Amino acid sequence: MEFNRLFEQHSMGILVPTYNNAATLAGLLHELLSYTDRIIVVNDGSTDDTSKILTGFPKLHIVSIKKNRGKGMALRRGFEEARLLGYDQLISIDSDGQHFPDDLPSFLDCHKENPAALIIGARNMDQTSVPGKSSFGNRFSNFWFWVQTGLQLADTQSGYRLYPVRRYAKTHFFSAKFEFEIEVLVRSAWSGIPILSVPVKVYYAPVEKRVSHFRPFKDFSRISVLNTFLVIIAVVYIWPRDFFRGFNTANLKQFVKKYLVKPGEPDYIKAISVGFGVFMGILPIWGFQMLTGLALAFLFRLNKALVVLASNISFPPLIPLVIYASYLVGGLWLGKKAVSIQFSSDLTYDLVKQHLLQYVSGAVTLALVAGTSAGLIFYFLLKLFRKESASSEQ
């Protein structure tokens, strides 16, 4: 077969992770076999007729996990088996009938031109059959992937992908369930693996026939925790690493011009971004100030770099001062009920807990005043700078 020869030529195989999809599994495997027999099926503890169905496909490489451990573990196990079989590339395809094997040539064509890339089968998420929660979840995932890597992708949740599995031989992944597909994307980008997309078709069965193992609350919570963890790593390590790796005067000027100055951006947007960043930096949601600010900046189309920069007004040396100032301002609201504290000795975590109302009311007020003031000052400084620049050019 022509396609089987191409799979062999590129040291490539297909991975089918499956869990209780007996209704669609056999049909998918028959279609895949028309392209190649280099197929690994990971049966992740299925309790339906999956094991019985797989006995009818002796040519396939079957891996059976006794107890269901999650899609991430199934993919990771498939990666290990692929390397043992000598595969350098692996195309994963879901077994629930969403993906079409006749899109495999698109992956092969893209791989020929980009042999080192991770390739994602980007679905058309605007079609009417796509569930609303899937469309929202994809946009949510795309946004956080952009925050973590600086890259923009149309579909970060598609399970139809070509993985350069040989590149992951020394990578120790920690995710076990659906969130693994986010982790592997982000860590691939951090490792310098190019990430590309090819358009693919997608089929969503009617609601009454649709089989989904995604648990909205549990899995969304796990994904949110993972995204928070990855953002922290990006801010603390990846961004500084990448900045200093390519640091030189020209790059610094280019960074400032592209992300901070933005010549085509109105001054009022820059000023609002600075003011909003200061507001978020003081707002009493410690640990989530920058993340929340960045998400809202994306939503309201503000200057993300300026928002992040200004939100760092609460960096460690200034945190006690911000909390102390919040107490003082909160005292104006509470009047006689206000607590008088000393900055040097009485400012403790227990004190904040005991007098939360004074702190929160003061912090919100201080955030509004400081954010508005910073925005106005920055706006007038921009106008002054532009006026002086215009005068010097005349």
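Predicted model only: the values in this text are computed from it and were never measured.
At a threshold of 4.0 Å, the pair Asp94-Lys71 counts as salt-bridged, since one of the basic side-chain nitrogens sits closer than that to a carboxylate oxygen.
Judged by distance alone, the side chain of Asn20 and the main-chain N or O of Thr47 form a donor-acceptor pair under 3.5 Å. Without hydrogens or angle criteria, Lys66 side chain to Gly45 main chain gives no donor-acceptor distance under 3.5 Å. No donor-acceptor distance shorter than 3.5 angstrom exists from the side chain of Asp267 to the backbone of Leu382, with no hydrogens or angles considered. Thr372 places no side-chain N or O within 3.5 Å of a backbone atom of Val369 that could act as its donor or acceptor partner. Side chain of Gln98 to backbone of Tyr203: no donor-acceptor contact under 3.5 angstrom is found. Proximity of a side-chain donor or acceptor of Arg76 to a complementary backbone N or O of Phe173 within less than 3.5 Å is detected. Asn303 contributes a side-chain N or O that, together with a main-chain N or O of Leu306, makes up a donor-acceptor pair within less than 3.5 Å.
Counting non-hydrogen atoms of other residues, nucleotides and ligands closer than 6.0 Å to CZ of Arg69 gives a total of 12 or fewer. Around the CZ atom of Phe298, the shell of radius 6.0 Å holds no more than 12 heavy atoms that belong to other residues, nucleotides or ligands.
Checked against the 6.0 Å centroid criterion, the rings of Tyr163 and Phe79 qualify as a close aromatic pair. Note: Phe57 and His30 meet the aromatic proximity criterion, with ring centroids under 6.0 Å apart. Between Tyr160 and Phe107, the distance from one ring center to the other falls under 6.0 angstrom.
Both the sub-6.0 Å distance and the 45° axial angle are satisfied by Lys201 relative to the ring of Phe100.
With rounding to the nearest 0.5 Å, the separation of CG in Leu185 from OG in Ser141 is 7.5 Å.
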Verdict with reasoning, Phe229 to Phe174, per ring-ring contact (aromatic ring centres under 6.0 Å, His included): CA-CA 12 Å; Phe229 180 66; Phe174 48 82; 5.6 Å; yes

